[in-house]
Amino acid sequence: MDKQKDKVAPSRSIGSYPFAEIESKWQKRWDEQKLFRAPDFPTNPYYVLVMFAYPSGDIHMGHFRNYIVGDAIARWKMMQGHQVLHPFGWDAFGLPAEQAAIKRKLHPRDWTLNNIEMSRDTLKKVGISFDWDREVASCLPDYYKWTQWMFIKLFENGLAYRKEASVNWCSTCNTVLANEQVDSEGRCWRCEGTVTKKKLEQWFFKITAYAERLYRDIDTLPGWLESVRMMQRNWIGRSEGCRIDFTIAETGERLPIFTTRPDTVFGVTFMAIAPESDTVSRLPIPESKKAEIAAYIQRSISKSELERTMGSDEKDGVFTGCYATNPFSGEKVQLWIADYVLASYGSGTVMGVPAHDQRDFLFAKKYGIPLRVVIHPQGGQLQGSELQQAYADFGVMVNSAGFDGKAGEDAITAVTDYAAAHGIGGREINYRLRDWLVSRQRYWGCPIPIIHCPHCGPVAERIDNLPVMLPDVKDYIPKGRSPLADVPEYTNVRCPKCGGSAERDPDTMDTFVCSSWYLFRYTDSKNSEQPFAPEKAKAWLPVDIYIGGTHEHATGHLLYYRFFTKFLKDIGYLTIDEPAVRLLNHGMVLDAIGTPMSKSAGNVVSPLDVMASKGVDTTRLAMHFAAPCGKEVLWSEDGIVGVDRLVQRMYRLALVHSRDHGTREQTSYKRSDVNEETWKTYVRLNQTVKKVTEDLDKLQFNTCIAAIMEFLNDLGELDGSVPRFHAFAIQKLTQLLAPLTPHLSEEIWEMFGHAESVFKSHWPDHDSEAIEDDSITIAIQINGKLRATITVPRGSQPQLVAATARAIEPVQKHLQGREILKEIIVPGKLVNFVVR
RNA sequence: GCGAAAGUGGCGGAACUGGUAUACGCGCUGGACUUAGGAUCCAGUGGCUUCGGCCGUAGGGGUUCGAGUCCCCUCUUUCGCACCA
């Protein structure tokens, strides 16, 4: 019989895969049939969440990759019998809208809504399985009403508060920023401008009240990337130590400090206060010193974070003329102001132990402050005068009154317990995490629903008055105060409490507030009575997999939304502690030589262009196949060729084999049904089903595709002597490919006569009666080097295999004149002869 | 400086608990069918080779019958942290 292969003769009679019409056909049908509409109360839920998007009007390769990964998972879970929630929405407040408005003389709202239309159309062309009925846009009143509700709930629970503080100010954006929005080099996350400090009264969310839970629960998130977990741990910066109350010698006022090394307390030879610390103003500074100190404080405050951090070997400060008393030794030491001390951490004051802390050491060296050794290394001695640097390791306490001889952790415990027992301190935990500054002096954001009353102070807007509508303004240009402040109709209101005249807060919220709860809104996006019904949220949450750029959000969004989750649980709206079980970072898309795509580099490739010439499914496959999905991908046109061949090949095979086979359902084959070659191929098919299923579970889309290609190569070798076998195999492959090539698979599925969507079909199970090959290849090694392979029936006696191996010619040759010391036999794998 | 992850053909990348390194794809070489081929199909493709083999997973050591995989050192890259007391 002729080898039929999958060649179609004459090939010219069959056109290539007509992707354009097939794509629009199925996109339309999915829409009409509401195939991806999620129920409110699923019985077998799976929640796939992709980070919602800023509506910039187009999509780039990074978005494309993000969404096709989510889409593959959503469609696969659907075929596995889950009800899938796969929603989408728009993070629609934010700076670019104002800039566009200024530049193009458009209202930010019009610009944004127009972009949403365009972006949505684009996503529909990609055929992403979003449930568009649940779409949200954070800039619409029916959404931001509930963002305001969140603010008020936090306010009512004492977790939203106003304080004057030294805050981050970006002079380019003309607004304040949260700590999370300033990078490690002191630059604005959005414009990269230098961030300075400004003393302002602003709204904060008390995320620090959740520091311990946020820290502790990181351990309950094994499905998150370790790097993200580490970044959050670092950001929260939990540190266990001891509070020790020194006193200001002149006034007797308490001067508490935090230290992780209370065992060095007898080595304190000075104290240092941060220049910004409130404590400074309470010091009895001698007249003669005041001018010098004021100048120093002025100088340090005007330095940027970067300047203060750079050259960290250079410590400077100024002596206040005041003294502090060590409660352990009763000794008086000099009290300095030094800008290596941070006002925002601990009490803003540190005890200076030059012998055992490198920073204190450098500082003391510079100013000739004495040094006292109070810790000796185990079994060693330190000479203070010979120290070239601080000895910061653990050791044995010396020169420490009754504590001498205590060592390491015991020493720390002993001193801490003593402090607690004598009312001069005790165990304390400190966090690096600061409260979240949420006010923004910008127009295009969610209005803060607070009214400032001269009598009642800040008062929350009444819930039934929500939303506080964002008014139109003439001028969006940020001037360093909110444009809303210039709209008297907006700001002049009555106090909800006393009815007196009052002023509305003119600021808007950080857009990260909007994105801290959108995943909950999706479970009940049309609710006009509540942000979402708790029972609906309960039915879907937590998110099973959350996909996006986890790196840039590691210590921002991904911390904020955990905070909101815990808060909403505390007030009874949620039952979960953590919002998402698994977090997937889709890697960046780079150009073919590994440079990030950017306008300035001129190497941007639009997914839309590729889709237009090759079709969506080919473009999807090329992206999936190029690299495992957590890794960065080098995008190259060359990569398309191979997967395009796969698409064309599938389509051609379907054209040929669907002709007269109809929907006839063959669920499995028995060995007796088919010839040997077909059975082998059938086994290979089942192995492929198994492998693809396992790889999808591991989100290894690249190896799924490879497995399918491999099988297709094998299928091409098989003749058509068993009627309908090819048709059977192709239908299985169509299902396996469906999460990755949804349009192609739908079309082929229909060609085979199925009336329902392939996504309503049941994901193939492998036939466990046909998963193992009849014969296996055994590697034959001599001294660990491969010398031959032999093929034996599965389950052959290992000794028999070894004997066969010994007899074959290439092995004989190597064994000639040598002594076999040992035979290593790994059943089903290899035989290794150890010879001399 | 500290910490973590990684380094595999010309390229993107495979390889389960140590067990046939380089699956799959691109590219390349040759061929078939063709008016044509940027279509399709077939064969080959790590390096060296005296055609027996030898060498090969960043480099060097080690453990083992056997190492891409485990251990130690070095180099490189990426990422995070970097006055947090």
Side-chain angles (χ1 to χ4, degrees), chain A residues 3 5-12 14 16 184 225-228 230-231 233-235 237-239 241 257-261 264 272 308-315 338-342 344-353 357-360 362-363 392 430-434 551 554-555 592-594 621-622 625-628 631-643 645-646 648-649 652 694 700 702-713 716 777-789 813 821-826 828-835:
Chain A
K3 277 218 163 183
K5 310 227 163 163
D6 48 24
K7 129 172 56 163
V8 179
S11 63
R12 254 156 276 107
I14 290 176
S16 59
S184 59
L225 233 58
E226 185 49 37
S227 59
V228 174
M230 186 51 72
M231 283 164 84
R233 279 194 205 100
N234 286 338
W235 188 259
R238 184 182 192 275
S239 172
I257 58 95
F258 172 75
T259 178
T260 53
R261 292 299 303 275
T264 65
R308 270 172 75 165
T309 330
M310 255 176 42
S312 56
D313 283 358
E314 189 62 30
K315 313 267 170 257
D339 73 2
Y340 77 92
V341 183
L342 306 175
S344 56
Y345 187 76
S347 63
T349 305
V350 299
M351 62 181 203
V353 187
D357 181 287
Q358 185 60 17
R359 296 153 303 182
D360 298 344
L362 292 168
F363 188 80
N430 251 286
Y431 303 90
R432 203 186 81 120
L433 182 69
R434 306 266 62 88
H551 238 74
T555 56
I593 55 166
L621 275 182
F625 191 53
K631 243 192 96 180
E632 64 192 20
V633 86
L634 304 187
W635 179 263
S636 152
E637 293 291 317
D638 300 342
I640 297 174
V641 180
V643 293
R645 282 185 187 140
L646 172 63
Q648 303 294 347
R649 203 167 169 193
R652 276 198 316 276
E694 287 166 358
Q700 286 179 10
N702 56 336
T703 51
C704 288
I705 298 167
I708 290 166
M709 287 171 164
E710 263 183 275
F711 176 74
L712 223 36
N713 290 342
T777 307
I778 304 289
I780 310 303
Q781 298 181 338
I782 290 158
N783 286 345
K785 278 186 197 291
L786 183 73
R787 295 301 176 184
T789 58
K813 204 172 61 191
L821 300 176
K822 209 172 168 187
E823 285 178 9
I824 311 281
I825 301 172
V826 182
K829 289 263 182 193
L830 62 73
V831 177
N832 185 16
F833 299 105
V834 184
V835 301

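Per chain, numbering begins at 1; letters A, B, ... match sequence-line order.
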Is there a side-chain contact between [X] and the phosphate of [N], meaning an N or O under 4.0 Å from OP1 or OP2?
| X | N | result |
| --- | --- | --- |
| Arg233(A) | rA4(B) | no |
| Asn713(A) | rG25(B) | yes |
| Arg787(A) | rG66(B) | no |
| Arg645(A) | rU40(B) | yes |
| Ser239(A) | rA85(B) | yes |

Rounding to the closest angstrom, what is the interatomic distance between [N] and [M] at atom [atom1]?
| N | M | atom1 | result |
| --- | --- | --- | --- |
| rU22(B) | rC72(B) | P | 29 Å |
| rU45(B) | rG10(B) | C1' | 11 Å |
| rC55(B) | rU49(B) | C1' | 10 Å |

Using a heavy-atom cut-off of under 4.0 Å over every strand shown, decide if [X] touches base, sugar-phosphate, or nothing.
| X | result |
| --- | --- |
| Val350(A) | base |
| Thr777(A) | base |
| Met709(A) | sugar-phosphate |
| Val341(A) | base |
| Leu830(A) | base |

Of the nucleotides [options], which one has an atom closest to the side chain of [X]?
| X | options | answer |
| --- | --- | --- |
| Gln781(A) | rC81(B), rU20(B), rG80(B) | rU20(B) |
| Arg652(A) | rU40(B), rU20(B), rC24(B) | rU40(B) |
| Glu710(A) | rG80(B), rC24(B), rA85(B) | rC24(B) |
| Leu342(A) | rU20(B), rC65(B), rA85(B) | rA85(B) |
| Lys813(A) | rG52(B), rG66(B), rA85(B) | rG52(B) |
| Arg649(A) | rG12(B), rA23(B), rC41(B) | rC41(B) |

Practice prompt. Using only heavy-atom distances, decide whether a donor-acceptor pair under 3.5 angstrom links the side-chain of Asn832(A) to the base of rC65(B).
Written response: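 Donor-acceptor pair under 3.5 Å: yes.
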
Response to the item:
Assert: residue with more 5' nearest nucleotide on RNA chain B, out of Lys785(A) and Val641(A), is Val641(A)

Item to complete: Could you pick out which residue, Ala707(A) or Tyr345(A), lies toward the 5' side of RNA chain B when each is mapped onto its nearest nucleotide?
Response: Ala707(A)

Worksheet item: Roughly how many Å is it from CG in Leu225(A) to C1' in rG80(B), rounded to a whole number?
Response: 12 Å

Worksheet item: Expressed in angstrom and rounded to an integer, what is the separation of Ile782(A) atom CD1 from rG19(B) atom C1'?
Response: 16 Å

Extract all donor-acceptor atom pairs below 3.5 Å that involve side chains of residues 780-787 of chain A and protein atoms in other chains or at least two apart in sequence.
unit_1    : atom_1 : unit_2    : atom_2 : d
Asn783(A) : OD1    : Val835(A) : N      : 2.9

